[in-house]
Amino acid sequence: MPNRFYVTTPIYYVNDVPHIGHAYTTIAADVLARFYRLRGDDVFFLTGLDEHGQKVQQAAAKAEIDPQAHCDRLMPTFKDLWTKLDISYDGFIRTTDPQHQAVVQRCLQTLHDKGLIYQAEYTGWYCTFDERFWTEKDVEQGLCPDCQRPVEQVSERNYFFRMSQFQDRLKKHIHVHPEFIQPDSRRNEVLGFLQKPLEDLSISRPKSRLSWGIELPFDKDCVTYVWFDALVNYFSGLDYLGTHANAPAFWPASVHLVGKDILTTHAVYWSTMLMGMERPLPQSIFAHGWWTVDGEKMSKSRGNVVDPFAMIKEFGTDAFRYFLLRQVPFGQDGDFSLSSFHSRYQAELANDLGNLVSRTLAMLGNFSQHMVPRSDPQTETDLDHSLQQTASALSEKIEQHLRALEFHRALEAILGLVQMANQYIDKTAPWILAKDPEKKSRLQTVLFHLVESLRFLTLALAPFMPHTAETMKTRLGLTVDISTPTLGKGPIWGEYDYIHPVTKGTSLFPKKDLPSTSAHQPASSPTASPTTEKKIDKATPQSPSASTDSDTPLIGIDEFQKVQLKVAKILEAERVPKSSKLLKLQVDIGTEKRQIVAGIGKKYAPEELIGKTIVVVANLKPAKLMGIESQGMVLAAGEKEVLSLLTVQEEVQTGSKVK
RNA sequence: GGCGGUGUAGCUCAGGUGGUAGAGCAGCGGACUCAUAAGCCGCGGGCCGGGGGUUCGAGACCCUCCACCGCCA
């Protein structure tokens with residue numbers, strides 16, 4: 001019988017605008033779900049929305065619509081994001097689902113029957129915005145300590161859950177099961193919280209004040225308080241969602257992923273509720289960190305909330321998934337900035353992984369007619385064996401790290417194989433082997449080892465970057481279905497018969513310019529009046545990639561016009577020391593002088609160039625070549641070798657636009 | 001105020017049970033050309049927050065001070 005794995009995200013408040021935090025938790029859960037599915041485990045992955053509460057009621061009233069209609073209107077934004085992020089949830093729960101409400105009522109009745117719920121008078125300072133009471137000590141100058149809004153004194157009869165009864169049992173459970181609350185530092189905090197006497201938990205509100213909620217089965221005048229309603233989703237969802245016939249058997253959850261702000265709620269409220277209902281506790285609750293943006297706390301008022309939709313549009317779903325999990329250990333806070341995203345994208349995805357795929361497939365095209373050769377054991381070396389070993393150990397490493405929710409380490413291990421493969425190419429230098437017919441057998445061995453490494457990478461990447469894995473699979477001509485269990489105990493080196501030709505295709509991760517600040521969403525929510533949003537956030541143009549593939553995609557005129565071409569005159573030219581083909585040019589582009597380093601030294605001597613009229617790209621990002629800054633690029637014809645510089649037919653003014 | 005954590009190269013961080021400091025990024029230099037001007041190779045004297053102590057020997061153990069962070073009040 002396969003292992004069961006049940007992972008949850010919190011249910012997100014439907015009134016929120018989805019941001020990087022929502023995306024983070026959900027992506028992490030998705031990676032786990034995909035990973036365990038590939039191993040052949042029976043997986044249930046639940047996410048959803050919290051749709052009750054004061055704020056929804058108020059927002060609906062303001063919009064003059066029914067609260068349910070309000071929820072129905074907001075819900076698709078989340079589902080849409082999950083679709084765009086390739087989130088493979090098995091169940092999407094809404095707390096307004098009638099089946100969920102029925103389960104909540106059943107739970108309340110159970111606890112009531114056991115005498116664990118009682119009624120009492122409660123007086124306290126209430127914050128309408130946060131929907132919670134504060135004690136006298138908390139309130140500062142009549143303001144809510146959390147949101148700084150005015151609080152009001154409210155006295156009402158509420159129902160309470162006898163949470164205090166379970167304090168010792170919970171403490172013991174945490175001590176006996178160190179994996180129950182993670183990371184360690186958070187477990188200590190919870191234990192610290194439990195040092196003081198635990199109070200009973202208020203679980204109801206009078207309908208007169210809050211009507212948008214689930215009615216108490218034993219008191220028609222009250223609805224249940226938001227947490228009781230929300231937490232129960234973790235097993236109510238199993239009851240009626242998804243396709244698994246035996247879904248209820250998934251309880252207890254393998255792991256609840258939560259943000260650190262709602263750890264106490266889960267570790268203490270939820271656990272004691274479960275104890276009261278005599279249900280087993282989840283195996284673990286993992287509190288992950290928060291994202292700051294450019295070093296600052298993310299907030300609507302700052303207007304620096306990262307919009308996942310914008311990031312996906314700019315860099316693609318897989319790059320976004322990769323960055324979030326790679327950048328920061330899962331339990332720690334992390335900082336999000338476009339420049340850190342960009343540099344990781346550029347270095348690890350474009351240069352390391354993307355280019356590895358590109359150069360390997362190119363060599364198969366050039367040296368092996370696009371077919372994957374067999375390895376000849378006679379020609380194998382230690383180099384080959386250590387590559388094989390690293391690849392073969394990868395799957396287990398990833399499993400180890402994912403069991404500890406160390407996503408960043410898992411990705412680090414994957415990148416380690418990428419780097420090793422890149423080194424392998426340089427050490428074996430297939431282009432040299434290709435020149436010597438006697439080395440053909442060795443060449444084939446090398447190419448085989450490379451392709452086989454890419455196959456291992458494809459499978460390893462599948463949970464993290466499903467789209468990329470699918471593309472690599474196609475390029476490699478693999479016929480395996482990577483949406484079904486393929487990992488098992490991990491792939492075996494040499495087990496696969498390559499019978500289809502490989503295809504190079506376009507760049508997996510094309511290089512990008514660093515975008516300007518377009519990733520932040522406007523401070524207003526989608527429900528706000530449209531007049532608050534006048535500025536149009538222009539997406540930053542990205543430079544066209546200089547691909548020479550035959551399958552280069554078509555571009556529009558607007559894209560071409562991003563390239564600023566100018567007529568220029570060469571003023572000075574000299575060879576770059578120790579380089580056979582680089583020349584350092586000083587050119588006049590009309591408005592200014594520029595230094596350009598160009599790889600035209602094999603075709604042209606410096607002295608013959610002075611005074612020549614040429615065409616240059618004037619808005620290319622400066623780059624250093626052999627330590628010398630180049631502030632542009634000269635245009636020349638030729639494939640690999642430069643054959644001719646571009647010039648203009650008639651005499652035109654230096655600095656003229658070329659279009 | 002109570003409890004806990006952190007402070008190591010420009011940046012982000014690793015450094016089980018003590019033996020004279022490491023990685024990635026950035027920077028500099030080199031050889032090459034299969035590849036997305038990518039990749040590969042080489043180059044790291046940083047009072048390991050300050051002070052004191054234990055020890056033959058401490059970034060690592062103890063004490064103390066300083067700074068920052070988290071949870072609770």
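Proteins come first, then strands; the chains are lettered A, B, ... in the order of their sequence lines, and each starts at number 1.
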(request) Would you mind telling me which of B:C34, B:C72, B:U36 lies closest to the side-chain atoms of A:Phe367? (result) B:C34
(message) Taking any heavy-atom pair under 4.0 Å as a contact, classify A:Ala350: base, sugar-phosphate, or nothing.
(response) base
(message) What residues from residues 436-450 of chain A pass a heavy-atom cutoff of under 4.0 Å to RNA chain B?
(response) none
Using residues 186-194 of chain A as the side-chain source, report each donor-acceptor pair under 3.5 Å to any protein atom, sequence neighbours left out, with the distance given to one decimal.
unit_1: A:Arg186; atom_1: NH1; unit_2: A:Glu189; atom_2: OE1; d: 3.1
unit_1: A:Arg186; atom_1: NH1; unit_2: A:Glu189; atom_2: OE2; d: 3.2
unit_1: A:Arg187; atom_1: NH1; unit_2: A:Pro178; atom_2: O; d: 2.2
unit_1: A:Arg187; atom_1: NH1; unit_2: A:Ile181; atom_2: O; d: 3.0
unit_1: A:Arg187; atom_1: NH2; unit_2: A:Asp184; atom_2: OD1; d: 2.9

(request) Check side-chain contact (heavy atoms from CB on, under 4.5 Å) between A:Lys439 and all other residues, then give those that pass, not counting sequence neighbours. (result) A:Leu433, A:Asp436
(message) Once pairs are restricted to Watson-Crick or G-U wobble with both distances under 3.5 Å, how does RNA chain B read as a dot-bracket string, [ ] for crossings and | for other-strand pairs?
(response) (((((((..((((........)))).((((.........)))).....(((((.......)))))))))))).
(message) Once side-chain contact (heavy atoms from CB on, under 4.5 Å) is applied, do any residues pair with A:Asp426, and if so which ones, sequence neighbours excluded?
(response) A:Arg359
(message) Can you pull out every ring pair (Phe, Tyr, Trp, His ring centres under 6.0 Å) where at least one residue sits in residues 400-432 of chain A? Sequence neighbours excluded, please.
(response) A:Phe330-A:Phe407
(request) Sequence neighbours left out, what passes side-chain contact (heavy atoms from CB on, under 4.5 Å) with A:Glu199? Give chain and number order. (result) none
(request) Please list residues of residues 170-190 of chain A whose heavy atoms come under 4.0 Å from any atom in RNA chain B, ordered by number; otherwise none. (result) A:Arg186, A:Glu189
(request) Go through residues 408-418 of chain A and report each residue with a non-hydrogen atom lying under 4.0 Å from RNA chain B, sorted by number. (result) none
(request) Just jot down the side-chain contact (heavy atoms from CB on, under 4.5 Å) partners of A:Gln388, sequence neighbours excluded, or say none. (result) A:His385, A:Ser392, A:His449, A:Trp493
(request) Kindly write out the residues that satisfy side chain to side chain donor-acceptor pair (under 3.5 Å) with A:Ser386, not counting sequence neighbours, or none if the list is empty. (result) none
(request) Identify, residue by residue, the members of residues 423-433 of chain A with a heavy atom below 4.0 Å from RNA chain B, and return them in order of residue number, or none. (result) A:Gln423, A:Ile425, A:Asp426, A:Trp431
